[in-house]
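Working notes, beginning with the structure itself.
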Amino acid sequence: MADRLSEVFAALADPTRRAILARLSEGEATVNELAKPFPVSLQAISKHLKVLERAGLIVRGRDAQWRPCRLDPEPLREVATFVEQYRRFWDERYATLDTYLRDLRDQSAPERETE
């Protein structure tokens, strides 16, 4: 059994599923509404929705015969927390590179002035 973060990343790995999430960030939609922009079958969209639902990224409601889908952004917070630690890593690396380049510039500045 995959952990939740792995399921969320697996769900986000597909561009169709990311596009569905982007659409749902604007509000609820039915399967037919979600399928319109894609050149795939309703069954294919339903499979994508099941992956998103299993990852906890969407919730399906019930309104008469309709089952509108809506975004549940909470799992995305877990992704943001995971990615944040690597952002700090890159910030530190860029700060070190910035210091190194500044030192090189300062060391070569007197040489340029004497030329």
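Residues take their numbers from the sequence shown, with the count starting at 1.
To the nearest 0.5 Å, atom CG of residue D14 and atom CD1 of residue I20 are 8.0 Å apart. Distance check: D106 CG to L101 CG gives 11.0 Å after rounding to the nearest 0.5 Å.
One finds no salt bridge joining E92 and R88 here, because no Lys/Arg side-chain nitrogen approaches an Asp/Glu carboxylate oxygen to under 4.0 Å. We find that D98 and R102 are joined by a salt bridge, their nearest charged nitrogen and carboxylate oxygen being less than 4.0 Å apart.
Just one of V59, L21, I58 meets the side-chain contact (heavy atoms from CB on, under 4.5 Å) condition when paired with D72; it is V59.
Residue pairs meeting the ring-ring contact (aromatic ring centres under 6.0 Å, His included) criterion with at least one partner in residues 54-74, sequence neighbours excluded, do not occur; the list is empty.
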Would you list the atom pairs, donor with acceptor, under 3.5 Å between side chains in residues 22-29 and any protein atom, with sequence neighbours excluded?
from : atom 1 : to  : atom 2 : distance (Å)
R23  : NH1    : G27 : O      : 3.1
S25  : OG     : A22 : O      : 2.5

Side-chain donor-acceptor contacts of residues 46-53 below 3.5 Å, not counting sequence neighbours, with atom names and distances?
from : atom 1 : to  : atom 2 : distance (Å)
S46  : OG     : L42 : O      : 3.1
H48  : ND1    : R17 : NH1    : 3.1
E53  : OE1    : R60 : NE     : 3.4

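Here D91 pairs with R87 under the side chain to side chain donor-acceptor pair (under 3.5 Å) rule; sequence neighbours left out. In terms of the side chain to side chain donor-acceptor pair (under 3.5 Å) criterion, residue partners of R4 (sequence neighbours excluded) are, by chain and number, E78.
Cluster partners of F89, using a side-chain heavy-atom cutoff of under 4.5 Å among ILVMFWY residues and allowing indirect links, are W90, Y94.
Heavy atoms only, all atoms of each residue included: A55 and P75 are closest at O-CG, 3.8 Å.
L97 and Y86 fall into different hydrophobic clusters, defined by Ile, Leu, Val, Met, Phe, Trp and Tyr side-chain heavy atoms under 4.5 Å apart, directly or through other members.
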Determine, stepwise, if the pair L104 / Q107 fulfils side-chain contact (heavy atoms from CB on, under 4.5 Å). CA-CA 5 Å; L104 278 178; Q107 290 171 2; 4.3 Å; yes
